[in-house]
J.: 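This structure is in structure tokens; I'll ask about it shortly.
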Amino acid sequence: MPDAMITLSDSLTEGLMDRNKELLIVTHNGRFHIDDVFAFTTLAIALDLDNRPFKVERTRDTDIIEKADIVFDVGGIFDGKRRFDHHQIGAPERDIKQTPKGIEGTIPYSSAGLIWRAFGLDVIQKLAPDLDDKSRKIAHNVIEKALVIPIDAIDNGKMHPENGLNFSSIINVFNPPWDTDDSSTQLERFFEASKIVRTVLIYQLNIEFARLRAIGCTEEAYKESPDKRILMLPRWMPHIYPIFANAWGTQLVIYPAENEWRIGTVPIRMHGNDRRKLFPASWGGLEGEALTAETGIPGSKFVHKGLFIAVAETKEAAIAMAEKTLGGY
């Protein structure tokens, strides 16, 4: 089934928000995994389960499945509205362009991906109601790439979890040991695992919301910077993305931090290590009086031996160090 058949729609939750009706949510019984826990967590936020009656049934009973309002990871049907299984022939797959680095071919959706595609925008709307549509979609895609695609890839055997603790293995430890034969605590543990996933999801989204706020702040700072090669920020904030997104010629970034001023360099490529401009080689590794003597600038405090970051005592000293660097040493 092509990816285009999965429709992002703010109206998917219509009919599910009757707060006078207990919502019946069904997923499979037995051991749970990161994909079904993530799917439930997404629904819990999107459908505001903290403030309405609901019941979760973990079963494969077809009669119960048929009565459910939402079914995921079980039932053999995907319709993009109420039924979100991914085990059947013809279940949705991602386009190859969306696969993580090092993975060839398509990645089938797991229940995490299917539910996120349908209800992820509702989650973001709940957590950040003031975001505009463009920013909401950007945040949605960031979570898709950072959390959801790896979950789907692992669940479908397209990617192996790294050795040691990881998101998937942490959720797995909430399952009862194999020899306890105690299913009575399974649902309770499922909810406990969901709390962990919810925390990670919210914190990851908060990082993205902050990055989106930084875009506007950085663009305003760029307008106010007298020399467009030097970006003067009121404080540190994620600034590399706006520089590349706007094709600015910025070479150095200055901002206050911990009673001092820092001068950072800008990479040639957004995720590369090479820099557009480095500090003079003779400054590398110097600090204090030795650096001041070399630069001729009072208030010069430190230059990393790698020549990619420097520190000054005052804003004026930071600007002078930046201007001298850009002036050809």
Side-chain angles (χ1 to χ4, degrees), residues 25-46 49 56-60 70-75 84-88 91-94 98-120 123-124 127 139-208 271:
I25 301 171
V26 172
T27 187
H28 64 81
N29 56 359
R31 290 182 64 84
F32 50 81
H33 305 94
I34 182 63
D35 71 311
D36 39 306
V37 177
F38 188 95
F40 170 74
T41 305
T42 299
L43 289 172
I45 299 173
L49 296 187
V56 173
E57 285 277 2
R58 302 188 69 246
T59 181
R60 300 179 191 275
I70 293 284
V71 182
F72 61 89
D73 215 27
V74 72
F84 296 89
D85 199 9
H86 68 102
H87 296 97
Q88 67 278 10
E93 294 185 340
R94 282 183 177 79
Q98 295 178 295
T99 59
K101 184 178 180 180
I103 296 180
E104 297 180 358
T106 58
I107 293 181
Y109 282 86
S110 74
S111 60
L114 294 179
I115 292 291
W116 181 254
R117 291 287 288 180
F119 295 94
V123 169
I124 295 165
L127 298 177
H140 180 276
N141 290 336
V142 167
I143 297 301
E144 175 86 359
K145 293 177 181 178
L147 297 179
V148 180
I149 289 180
I151 290 173
D152 288 355
I154 290 171
D155 190 73
N156 286 287
K158 291 285 186 175
M159 187 168 75
H160 293 289
E162 297 178 0
N163 293 331
L165 286 178
N166 55 71
F167 202 16
S168 178
S169 66
I170 288 172
I171 297 308
N172 283 341
V173 302
F174 282 83
N175 282 286
W178 68 272
D179 56 351
T180 61
D181 194 26
D182 183 6
S183 60
S184 63
T185 63
Q186 197 100 28
L187 183 58
E188 179 183 350
R189 286 170 175 257
F190 180 86
F191 289 143
E192 289 176 356
S194 177
K195 293 178 183 178
I196 300 298
V197 172
R198 184 177 185 138
T199 299
V200 172
L201 175 58
I202 289 175
Y203 281 11
Q204 184 72 54
L205 275 169
N206 284 341
I207 290 172
E208 180 57 20
H271 300 295

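The first residue of the sequence shown is numbered 1, and numbering continues consecutively from there.
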J.: Only counting residues at least two apart or in another chain, list the ones meeting side chain to side chain donor-acceptor pair (under 3.5 Å) with N156.
T.: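 If we apply the side chain to side chain donor-acceptor pair (under 3.5 Å) test to N156, skipping adjacent residues, there are no hits.
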J.: As an exercise, state the distance from CD1 of I170 to CD1 of I34, rounded to the nearest 0.5 Å.
T.: 9.0 Å
J.: Tell me every residue that passes side chain to side chain donor-acceptor pair (under 3.5 Å) with T42, counting only those two or more places apart in sequence or in another chain.
T.: none
J.: Enter the distance from F84:CZ to I115:CD1 here, rounded to the nearest 0.5 Å.
T.: 4.5 Å
J.: Of all residues at least two apart in sequence or in a different chain, which pass the side-chain contact (heavy atoms from CB on, under 4.5 Å) check with N175?
T.: R31, F32, N172, Q186
J.: Nearest heavy-atom pair of P176 and T185: which atoms, and what distance?
T.: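 Nearest heavy atoms, P176 then T185: CG-OG1, 3.9 Å.
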J.: Does anything in residues 196-205 form a side-chain hydrogen bond (donor to acceptor under 3.5 Å, both in side chains)? List the pairs, not counting sequence neighbours.
T.: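 Listed by first then second residue: D50-R198.
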J.: Going by the rule side chain to side chain donor-acceptor pair (under 3.5 Å), which residues pair with R60 if we only count those two or more places apart in sequence or in a different chain?
T.: N29
J.: Which residues pass the side-chain contact (heavy atoms from CB on, under 4.5 Å) test with A112, not counting sequence neighbours?
T.: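 Checked A112 against side-chain contact (heavy atoms from CB on, under 4.5 Å); matches are D35, F38, S110, I151, D152.
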J.: Using salt bridge (Lys or Arg N to Asp or Glu O under 4.0 Å) as the criterion, list what pairs up with R58, not counting sequence neighbours.
T.: none
J.: Got a sec, which residues hit side-chain contact (heavy atoms from CB on, under 4.5 Å) with E188, two or more places apart in sequence or on another chain?
T.: E192
J.: For D85 and G75, which heavy atoms make the closest approach, and how far apart are they?
T.: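 Smallest heavy-atom distance, with atoms named: OD2-N, 3.4 Å.
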J.: Tell me the closest heavy-atom pair linking I25 and F72, and the distance in Å.
T.: CG2-CE2, 3.6 Å
J.: Going by the rule ring pair (Phe, Tyr, Trp, His ring centres under 6.0 Å), which residues pair with F40 if we only count those two or more places apart in sequence or in a different chain?
T.: F190, F191
J.: Under the side chain to side chain donor-acceptor pair (under 3.5 Å) rule, collect the residues that match up with D73, sequence neighbours excluded.
T.: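 Partners of D73 by the side chain to side chain donor-acceptor pair (under 3.5 Å) criterion, ordered by chain and then number, come out as H28, H86.
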J.: Would you compute the distance between atom CD1 of I202 and atom CD1 of I45 and round it to the nearest 0.5 angstrom?
T.: 4.5 Å
J.: Do the charged groups of R94 and E144 touch, with an N to O distance under 4.0 Å?
T.: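 Between E144 and R94 there is a salt bridge, with a charged N closer than 4.0 Å to a carboxylate O.
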J.: Keeping the roles fixed (side chain from S194, backbone from V37), state whether a donor-acceptor pair exists under 3.5 Å.
T.: no
J.: If you look at every heavy atom in I143 and L205, which pair is closest and at what distance?
T.: CG1-CD2, 3.4 Å
J.: Can you see which heavy atom on I107 is nearest to which on I149, and at what distance?
T.: CD1-CG2, 4.0 Å
J.: Once rounded to the nearest 0.5 Å, what's the spacing between atom CG of L201 and atom CD1 of I196?
T.: 13.0 Å
J.: Looking only at non-hydrogen atoms, find the nearest pair between L49 and L43 and report the distance.
T.: CG-O, 4.1 Å
